[in-house]
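Just so you know, ligand 1 is whichever comes first in the structure, and atom 1 is the first atom listed for that ligand.
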Amino acid sequence: MNLFSPGILKFLTVILVAGMWSCNQSFAPTDLASEPLIPLPVSVTSDGNLFQLRHDMDIYIQADHPAVAEAGQYLVSILRPATGFDLEIKPTPIAPTKGHIYMHLDSTQSDLGAEGYVLDISDSGIELRAVKPAGLIMGIATLRQLLPADIESQTIRDIDWLIPTGTIRDYPEYEYRGAMLDVARHFFPVEVVKRYIDYLSMYKFNRLHLHLSDDQGWRIEIKSWPLLTEIGGSTEVGGGEGGFYTQEEYQEIVEYARLRNIMIIPEIDMPGHTNAALASYPELTCDGEAPELYTGIEVGFSTLCTSKEIVYEFITDVMGELAAITPGDYIHIGGDESHVTPLEDYIPFVERVQEIVQATGKKIIGWDEIAHAQLLPGTVVQYWENADNAVRAIEQGARVLMAPARKAYIDMQYDSTSRIGLHWAAYIEVDDAYNWDPATLENEIDREDIIGIEAALWSETITNMADIDYLAFPRLPGHAEIGWTPSSMRDWENYSHRLAAQQKRFDLMGIRYYPSDRVPWVK
Ligand code: TNX
């Protein structure tokens, strides 16, 4: 018998590897199908072997495709800090021999859709393929979670980077899997937004809606109306110093998100929620008087003067500048809680704003109240509170973005003891946040009416990254799964264990999560 035959070698390797685990007192992940992935993939088959990522592997990518090359760089950047491996990217026109990672586009898999992917893991290599580059990015998110949690370390970990073998074939249930961050009530600097984007990218979200203006602050530089940020950006809830993004900083956020398959959707809220703009430019009010800057948290007291022509010139300038720095399809026009705008003024206002936005080449999203107006084709209505408004939208042929406050508002407290958060819609524990189905929540809103879901984080009570962590974690991954995994495959009991298994990743990433007693944490 040849001691060095491939079969014997493989056998010895398995014994050796198993032995090393027992020394490390960790368990052997040999079943791909029981890996605690979030969101749960559509299909996983295991074949019981192990793949080991080694320093001498290369990442082969399909040649001559810039977006595939970007995906390759993205993977390298995820793997480098904890492994210390300086993996080389090698463009290739043909499939490489085994023993490497290979990423490429595959048009024969068109049933996977724009974000689906196939991840084939064998003991000798990994092949990741997708119809579009976005699918490769989604596959990379899966690969990241299949690696030991140590992969989230920012310093080198000397462990074996083992992954169970098999095939994952996966694609999302909804095309819009979003999160919203309110940077108006409290301003958050670029670094905080990027870190939030990192969180979203781990769980396959693909939209970040930035609430860029409200009564308390205007947060995006508009070069033709400079006082918006100079005055309107100068404070925030509680009277802090506020802040704003220059257009260059905003574009930096957009690009950071794009590389992670996340589209930025900017919101300029109007005609209500506009006190910061009115304080900056009194000509936008009906009496021409500038109101004081506002640092409280009441809603519904401000309005642009809908009968003044200059208001539409203002909106045209703002939307023009915003559209020019926003590559995504959508601009969000707000439209919520305009309690001091009479409905007979509100309706023509929304209709005219839609025209203005459409002229920039973008589609419109608005909060559910905008469904009182006649909607342009392609407009998306964001259901947050009033199901009748969602029905009005559906009757006009619009699609609905599901962000029901009582389920999907992650600024709601977990329970009455939560140190921050509001509770006007509900207390939302981790299981309540997970246990709902967008397609059955409201009788009148059916699966085909729904474009997707959004988890909204309003910032009246949050001032820093630790606060964001506390409210977003551990609820955010659950919203990701609702958006990605078919509801027939979702189950709290099963999910709660996968969530608990994320704990080590949270710790290594420094995420200061709420340790809910509904989750069966390991330690
Ligand atoms: C309602 S949701 C609002 C926001 C608040 C939020 C707080 C919506 C369209 N309007 O202005 O920040 O509740 O939970």
- Item | Heavy atom of the protein closest to atom 5 (C) of ligand 1 (residue, atom name, distance) | Glu460 OE2, 3.3 Å

Is it true that the side chains of [X] and [Y] contain a donor and an acceptor less than 3.5 Å apart?
{"X": "Glu369", "Y": "Tyr346", "value": "no"}
{"X": "Thr463", "Y": "Asp467", "value": "yes"}
{"X": "Ser516", "Y": "Glu429", "value": "yes"}

- Message: Within the structure provided, determine whether Glu267 and Leu212 are in side-chain contact (heavy-atom separation under 4.5 Å).
- Response: no

- Message: Do Leu401 and Val381 make a side-chain contact, defined as non-hydrogen atoms from C-beta onward lying under 4.5 Å apart?
- Response: no

Going by distance only, is there an N or O of [X] that falls short of 3.5 Å from an N or O of ligand 1?
{"X": "Tyr409", "answer": "no"}
{"X": "Trp367", "answer": "no"}
{"X": "Arg185", "answer": "yes"}

- Item | Option set Asp182, Asp336, Val237, Asp269, criterion heavy-atom distance to atom 10 (N) of ligand 1, minimum | Asp336

Looking at [X], which atoms of ligand 1 are within less than 4.0 Å of one of its heavy atoms?
{"X": "Met412", "value": "14 (O)"}
{"X": "Asp411", "value": "7 (C), 14 (O)"}
{"X": "Glu337", "value": "1 (C), 3 (C), 4 (C), 10 (N), 11 (O)"}
{"X": "Leu422", "value": "7 (C), 14 (O)"}
{"X": "His273", "value": "11 (O)"}

- Kindly indicate whether a cation-pi arrangement holds for Arg260 with Tyr256, taking the cut-offs as under 6.0 Å to the six-membered ring centre and within 45° of the axis. yes

- Message: Are Tyr117 and Tyr171 an aromatic pair, judged by ring center distance below 6.0 Å?
- Response: no

- Query: How about Tyr434 and Tyr495: are their ring centres within less than 6.0 Å of each other?
  - Reply: yes

- Does Glu385 come within less than 4.0 Å of ligand 1, judged by its heavy atoms? no

